[in-house]
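Here's the structure, in structure tokens; my notes come after.
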Amino acid sequence: MPAAPNVVTRFPPSPTGFLHIGGARTALFNYLYARHHGGTFLLRIEDTDRERSTQPAIEAIIEGMKWLELNWDNNDKIYLQSEHMPRHAAVANEMLANGHAYKCFCTPQELEEMRNHQKANGLPMRYDGRWRDKDPKDAPAGAPFVVRLKAPLTGETTIKDHVRGIVTVQNSQLDDMVLLRSDGTPTYMLSVVVDDNDMGVNTVIRGDDHFTNTFRQVQILKAMNWNIPEYAHIPLIHGSDGQKMSKRHGALGVDEYRKMGYLPEAIRNYLLRLGWSHGDDEIIPDAKAVEWFNLEHIVSSPAKFDYMKLDSVNAHYMREMDDTKLAQTVAARLSEATGTAPDVAQTAILAKGMAGLKQRAKTLKDLTESAAFYVTPRPLPMNDGAKKILSADAKAMLAALRTLLSDLADFSATSIEASIKDFAGQHGKKLGDYAQPLRAALSGSNVSPPIFEVASILGKPETLGRMDDVLK
RNA sequence: GACCCCUUCGUCUAGAGGCCUAGGACAUUACCCUUUCACGGUAGUAACACGGGUUCGAAUCCCGUAGGGGUCGCCA
């Protein structure tokens, strides 16, 4: 099935902030495509903007990638774009030498005036090429200059994109972009092209916001006579306002999702389905994702992020998790929230409780909150629902129940239920009449897993103790 | 403004001219199950943006309109 040999993809975030959800999806698609073809997935940090790039951001991105388990190749090594700036500059100079680039001595003010004029007159906003054919000798001595691409004036540039199809733009629409800044550093447009080429990247999967840039990049590629990679521009993820999700537009860092209690496998599955499909399949475990992923079924329109759906996917994976492992996670979260870590015995109780708890929760956060009562030290605080249940009548019934339970030898859930059911019948009551007060006493709430199961897991001494607390 | 792209239930999507009286999932409604809440089960509401073509036949192809988005930096 894998046709293209040696597929090389890459994820190139710029370290100006955390790894956000849109970037995570781009990374996922690149990762899956490489894995599907048995190819290589690389991580490149685009830190050429020295002003805005930060080390903490680099670390946050790496942490995010690791949390999502999107492991990159090349022995875990990261390609730092800034380390290759001399190479980028060398390429620009090569283009200068072979006539594919030229020096432009315009000042920033001059360019801004030009743009203002164009905007005011409803003209297309592009560099007008005023230094394209001028002799550099005409420039004032020692004046700073940038290096611009000498882009073709006529003809057209065509991109074959796996999502967009074949798209053509007239070269007259594209201006002579800057390759090298006046301080000699390369621009993004140059750096990506050079790095992709040097890294052997042959498949570029990235956000659709890069689509129009692609035409310019292809022009550089052609000027250098380099191979043009396969392209797949994936539609953006929109916020609820229908606009591109960005760091200031509702996109959260992946770490926030971890805190909210989402599982990495759930995030992966949800993100995969957001913009890609495999028939009616919704739950797509990693192995299937790698097996099935392709570029053909990437959706062509933008998607909105939906927490409800994420919740349901997360709930699915959470229920599949091993109870012991889940209990450890919950214990860790509990200790983070309360400051005291559950001990081994308590963690064991949590593990027993997981089966009943996890089908009532969507996230690890929910799960942790609903599990807390198992290990909360006595006397348990009662929530409003519990207080309401514990009327004088209810307490009287609870007192009777206490005697019943203390005499019960077999403290299994079925045994407790059978005995209470029998007891209720004898007193002309329903099971629920006793179950609710018991629930309040044992869980401190009006909502809990099956209460006889809870009692059994808590054990007889703790159960009776909690009942005594309420009866005091 | 210029250029490019997008448009199927509220949301994510299936759909590659007849399989579509448009399918699935999430959400939502009702009922069943039931010691609470969930889970689960059953049923339901709900969409091809609009207008023209092409064709025996169009959600699917073409053109236009409308709406939305992206890009136009010495940011990435």
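Note on naming: letters A, B, ... go to the chains in the order of the sequence lines (proteins, then strands), and numbering restarts at 1 for each one.
Rounded to the nearest 0.5 angstrom, A/H20 NE2 and A/I61 CD1 are separated by 9.0 Å.
Summary of the strand contacts: A/D183 and A/D208 both lie near RNA chain B, and taking for each the nucleotide with the nearest heavy atom, the more 5' one is attributed to A/D208. Place A/M189 and A/F215 on RNA chain B by their nearest nucleotides, and A/F215 ends up nearer the 5' end.
Look at OH on A/Y127: it is 23 Å from P on B/C3, rounded to the nearest Å. Between A/R268 atom CZ and B/C12 atom C1' there is a gap of 20 Å when expressed in whole angstrom units. In this structure, A/D175 places its CG atom 10 Å from P of B/C72, rounding to the nearest Å. Atom C1' of nucleotide B/C9 and atom NZ of A/K304 are separated by 13 Å, given to the nearest angstrom. Atom-to-atom, CZ of A/F305 to C1' of B/U11 comes out at 12 Å; the value is rounded to the nearest Å. Look at CG on A/D209: it is 18 Å from P on B/C4, rounded to the nearest Å.
The side chain of A/M125 lies closest to B/G1, out of B/G1, B/U7, B/G70.
The side chain of A/T187 contributes no N or O atom lying less than 4.0 Å from OP1 or OP2 of B/C74. Proximity of A/S312 to the phosphate of B/A27: no side-chain N or O atom is located under 4.0 Å from OP1 or OP2. The shortest distance between the side-chain N/O atoms of A/R115 and the OP1/OP2 oxygens of B/C74 is below 4.0 Å.
When Watson-Crick and G-U wobble pairs are counted only if both distances are under 3.5 Å, B/A22 pairs with no nucleotide at all. Figure legend. B/U55 is base-paired to no nucleotide; pairs are counted as Watson-Crick or G-U wobble with both atom distances under 3.5 Å. Across all strands shown, B/G44 is found opposite B/U28 as a Watson-Crick or G-U wobble partner, with both distances under 3.5 Å. The partner of B/G64, taking Watson-Crick or G-U wobble pairs whose two distances both stay under 3.5 Å, is B/C50. Under the Watson-Crick and G-U wobble criteria, each requiring two contacts below 3.5 Å, nucleotide B/G17 is left unpaired. For B/G73, there is no paired nucleotide, since no Watson-Crick or G-U wobble pair has both relevant distances below 3.5 Å.
Residue-level contact check: A/L236 touches the backbone only, with heavy atoms under 4.0 Å from sugar-phosphate atoms and none from bases. When heavy atoms are screened at a 4.0 angstrom cut-off, A/S14 is found touching the sugar-phosphate backbone but no base atom. A/V167 comes within 4.0 angstrom of the backbone, heavy atoms only, and of no base. Counting non-hydrogen atoms under 4.0 angstrom, A/D281 reaches nothing in the nucleic acid. Among the atoms of the strands shown, base atoms are found under 4.0 Å from some heavy atom of A/H210. Residue A/R164 is classed as a sugar-phosphate contact, given heavy-atom separations below 4.0 Å to backbone atoms only. Backbone-only contact: A/P302 has heavy atoms under 4.0 Å from sugar-phosphate atoms and none from a base. Backbone-only engagement by A/E46 is indicated by non-hydrogen atom pairs under 4.0 Å involving sugar-phosphate atoms exclusively.
Between A/W131 and A/Y102, the gap from one ring centroid to the other reaches at least 6.0 Å.
Side-chain atoms of A/T463 come within 3.5 Å of backbone atoms of A/G459 as a donor-acceptor pair (strictly under, hydrogens ignored). With hydrogens and angles ignored, the 3.5 Å screen pairs a side-chain donor or acceptor of A/Q118 with a backbone N or O of A/R126.
A side chain to side chain donor-acceptor pair (under 3.5 Å) with A/R10 is found for exactly one of A/D196, A/D195, A/N30, A/T203, namely A/D196.
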Go through the steps for A/R52 and A/D49 under the test salt bridge (charged side-chain N to carboxylate O under 4.0 Å, His left out), then give the verdict. CA-CA 6 Å; A/R52 298 196 302 148; A/D49 183 349; 3.0 Å; yes
Anything under 3.5 Å between a protein N or O and an N or O of nucleotides 34-40 of chain B, put it in a table, one pair a line.
{"unit_1": "B/U35", "atom_1": "O2", "unit_2": "A/R439", "atom_2": "NH2", "d": "2.4"}
{"unit_1": "B/U36", "atom_1": "O4'", "unit_2": "A/Q436", "atom_2": "OE1", "d": "3.1"}
{"unit_1": "B/U36", "atom_1": "O2'", "unit_2": "A/N446", "atom_2": "O", "d": "3.2"}
{"unit_1": "B/U36", "atom_1": "N1", "unit_2": "A/R439", "atom_2": "NH2", "d": "3.2"}
{"unit_1": "B/U36", "atom_1": "O2", "unit_2": "A/S448", "atom_2": "N", "d": "3.0"}
{"unit_1": "B/U36", "atom_1": "O2", "unit_2": "A/S448", "atom_2": "O", "d": "3.2"}
{"unit_1": "B/U36", "atom_1": "N3", "unit_2": "A/R439", "atom_2": "NH1", "d": "3.0"}
{"unit_1": "B/U36", "atom_1": "N3", "unit_2": "A/S448", "atom_2": "O", "d": "2.6"}
{"unit_1": "B/U36", "atom_1": "O4", "unit_2": "A/P450", "atom_2": "N", "d": "3.1"}
{"unit_1": "B/C37", "atom_1": "O2", "unit_2": "A/R360", "atom_2": "NE", "d": "2.5"}
{"unit_1": "B/C37", "atom_1": "N3", "unit_2": "A/R360", "atom_2": "NE", "d": "3.2"}
{"unit_1": "B/C37", "atom_1": "N3", "unit_2": "A/R360", "atom_2": "NH2", "d": "2.7"}
{"unit_1": "B/C37", "atom_1": "N4", "unit_2": "A/R360", "atom_2": "NH2", "d": "3.4"}
{"unit_1": "B/A38", "atom_1": "O2'", "unit_2": "A/Q359", "atom_2": "O", "d": "2.5"}

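Note that A/R25 lies in the cation-pi zone of A/F29, set by a 6.0 Å cut-off to the ring centre and a 45° limit from the axis. Note that A/R148 lies in the cation-pi zone of A/Y127, set by a 6.0 Å cut-off to the ring centre and a 45° limit from the axis.
You'll find a donor-acceptor pair under 3.5 Å spanning the side chain of A/S182 and the base of B/C74, going by distance alone.
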